[in-house]
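Presented below is the structure to which this report refers.
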Number of protein chains: 2
Amino acid sequence: MTRKQERTGLNLDEVSKAIIEQLQQDGRRSYAAIGKVVGLSEAAVRQRVQRLVDSGVMQVVAVTDPLELGFARQAMVGVRCTGQLEPVADALAELEEIDYVVITAGSYDLLAEVVCESDEALLDLISHRIRNIPGVVATETFMYLKLRKQTYSWGVR
Amino acid sequence: MTRKQERTGLNLDEVSKAIIEQLQQDGRRSYAAIGKVVGLSEAAVRQRVQRLVDSGVMQVVAVTDPLELGFARQAMVGVRCTGQLEPVADALAELEEIDYVVITAGSYDLLAEVVCESDEALLDLISHRIRNIPGVVATETFMYLKLRKQTYSWGVR
DNA sequence: AGTGAAACGACCGTAGA
DNA sequence: TCTACGGTCGTTTCACT
């Protein structure tokens with residue numbers, strides 16, 4: 001029941017939401033410490049986290065700041081295509097400088113976020129590798145000037 | 001020295017990269033287990049992780065799947081403005097349905113990613129709350145049809 | 001799904017190089 | 001910035017509900 005709810009995204013209970021919230025604040029917080037906050041034993045918290053991860057609702061991962069790692073150029077690239085969109089999305093997804101690919105409805109067929117070391121690397125990526133993908137007919141690039149908000153707290157708020 | 005390198009994003013050493021890689025695979029992996037892989041003691045790994053987090057290079061957090069949590073509508077919204085961009089970015093950042101705000105150079109001044117439960121919630125957000133922000137003159141919405149790639153592995157690849 | 005208890009392993013502070 | 005070490009706390013397993 002709760003399994004089903006978690007798998008289908010409906011009505012995750014308050015305790016699991018509270019657990020997710022704790023791990024959004026600090027992914028290494030101990031199960032025991034979380035248990036004290038949410039009112040559950042350590043083992044119960046661990047089992048719930050396990051279920052949340054196994055069912056694909058949540059994962060605990062390291063996220064890094066591209067700027068701090070020397071990736072000074074970021075941009076969103078809007079892509080217009082002919083024909084099927086999935087093969088183009090797949091080709092974009094294979095490029096290591098692209099961390100995000102989504103098929104959209106709107107004046108672009110796909111959006112891809114790119115992370116590069118330099119303008120030259122960005123130019124090479126967009127001009128040669130992206131625009132040479134079969135089916136791509138046009139791209140438009142939105143250079144990032146300043147990232148203002150980035151939160152991973154979906155569904156808890 | 002290495003501190004400075006980490007803070008400025010230049011030449012994070014191979015060991016720290018390996019530690020980040022381990023934590024990208026599993027943010028809860030123990031320091032001791034990471035130490036075995038990267039060839040360092042538990043305490044050394046702990047100290048390096050601490051430094052990476054303190055310096056803002058990395059954080060370990062829970063990330064959730066909006067679809068699994070019942071947020072069925074996602075979109076990227078391109079925003080055109082008059083005047084200063086920062087106040088508009090700030091206003092967008094305050095909206096809880098918006099998880100990502102970036103100031104860009106291109107045919108939009110800002111891009112914002114929105115996560116909503118339903119079409120009605122999305123309409124209310126865009127039509128009333130976003131478009132009523134002072135300085136916003138136009139928006140364009142790209143509804144997400146399918147998320148194809150999302151990676152947090154910047155800088156390790 | 002949850003608790004409690006005991007053995008084990010991880011974490012943390014500190015000292016020393 | 002690393003290792004070594006001891007005390008404390010967290011995790012794991014299991015029996016039980």
Side-chain angles (χ1 to χ4, degrees), chain A residues 1-65 68-70 155-156, chain B residues 1-65 68-70 155-156:
Chain A
M1 200 99 81
T2 302
R3 287 304 299 271
K4 182 102 189 283
Q5 287 180 340
E6 286 173 1
R7 286 199 61 268
T8 57
L10 294 170
N11 286 333
L12 199 64
D13 76 20
E14 291 307 316
V15 174
S16 288
K17 281 187 185 173
I19 292 172
I20 292 172
E21 198 164 3
Q22 291 294 309
L23 289 171
Q24 282 171 339
Q25 287 168 25
D26 177 4
R28 291 192 74 84
R29 191 160 293 164
S30 75
Y31 298 132
I34 295 168
K36 276 177 193 155
V37 176
V38 307
L40 233 50
S41 70
E42 180 277 331
V45 173
R46 185 158 36 85
Q47 287 163 23
R48 291 177 88 119
V49 169
Q50 193 77 51
R51 262 182 275 125
L52 289 166
V53 172
D54 289 347
S55 65
V57 172
M58 181 187 77
Q59 53 183 343
V60 178
V61 292
V63 297
T64 53
D65 180 345
E68 292 282 351
L69 292 173
V156 175
Chain B
M1 202 104 78
T2 302
R3 287 304 298 271
K4 181 106 188 280
Q5 287 179 339
E6 287 173 0
R7 286 199 62 269
T8 57
L10 294 172
N11 285 333
L12 199 64
D13 76 21
E14 291 306 315
V15 174
S16 288
K17 281 186 185 174
I19 291 172
I20 293 171
E21 199 164 1
Q22 292 294 308
L23 290 171
Q24 282 173 339
Q25 287 168 26
D26 176 4
R28 292 192 74 85
R29 191 161 293 164
S30 76
Y31 298 132
I34 295 169
K36 277 178 192 155
V37 175
V38 306
L40 233 51
S41 69
E42 177 275 329
V45 173
R46 184 160 34 92
Q47 288 161 15
R48 290 176 87 120
V49 169
Q50 192 78 52
R51 263 182 276 126
L52 289 167
V53 172
D54 289 348
S55 65
V57 172
M58 181 187 77
Q59 53 183 357
V60 179
V61 291
V63 297
T64 53
D65 180 345
E68 292 281 351
L69 292 173
V156 175

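A, B, ... follow the sequence lines: proteins, then strands. Residue 1 opens every chain. Below, each value reflects all heavy atoms present in this structure, side chains not excepted, and no hydrogens, waters or symmetry copies.
- Contact annotation: the side chain of B/Leu69 never approaches that of A/Lys17 to less than 4.5 Å [non-hydrogen atoms, C-beta and beyond].
- Listed by chain and number, the residues in a side chain to side chain donor-acceptor pair (under 3.5 Å) with B/Arg29 are B/Gln22, B/Gln25 (sequence neighbours excluded).
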For nucleotides 15-17 of chain D, tabulate all protein N/O to nucleotide N/O atom pairs closer than 3.5 Å, reporting atom names and distance.
none

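- Under the rule for a side chain to side chain donor-acceptor pair (under 3.5 Å), A/Gln59 has no partner lying at least two apart in sequence or in another chain.
- Computed from coordinates, the B/Asp13 CG to D/dT1 P distance equals 9 Å when rounded to whole Å.
- Partners of A/Val15 according to the side-chain contact (heavy atoms from CB on, under 4.5 Å) rule, which considers only residues two or more places apart in sequence or in another chain, are A/Asp13, A/Ile19, A/Val38, A/Leu40, A/Arg48.
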Inset, instruction - Go along nucleotides 10-15 of chain C 5' to 3' and tag each nucleotide: B for a protein heavy atom under 4.0 Å from its base, S when only backbone or sugar atoms are that close, - otherwise. - result: SSBB--
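- Taking CG of B/Leu52 as the reference point, atom CD1 of B/Ile20 lies at 5.0 Å (rounded to 0.5 Å).
- The side-chain contact (heavy atoms from CB on, under 4.5 Å) search around A/Ala43 returns A/Ser41, A/Arg46, A/Gln47, not counting sequence neighbours.
- Between B/Tyr31 atom OH and B/Gln50 atom CD the span is 6.5 Å, to the nearest 0.5 Å.
- For residues 30-41 of chain B, no residue pair satisfies the salt bridge (Lys or Arg N to Asp or Glu O under 4.0 Å) rule, not counting sequence neighbours.
- A/Val49 is listed as a side-chain neighbour of A/Met58, based on a closest heavy-atom distance under 4.5 Å.
- Rounded to 10°, the angle separating the first-five-pair axis and the last-five-pair axis of the helix from C/dA1-D/dT17 to C/dA17-D/dT1 equals 40°.
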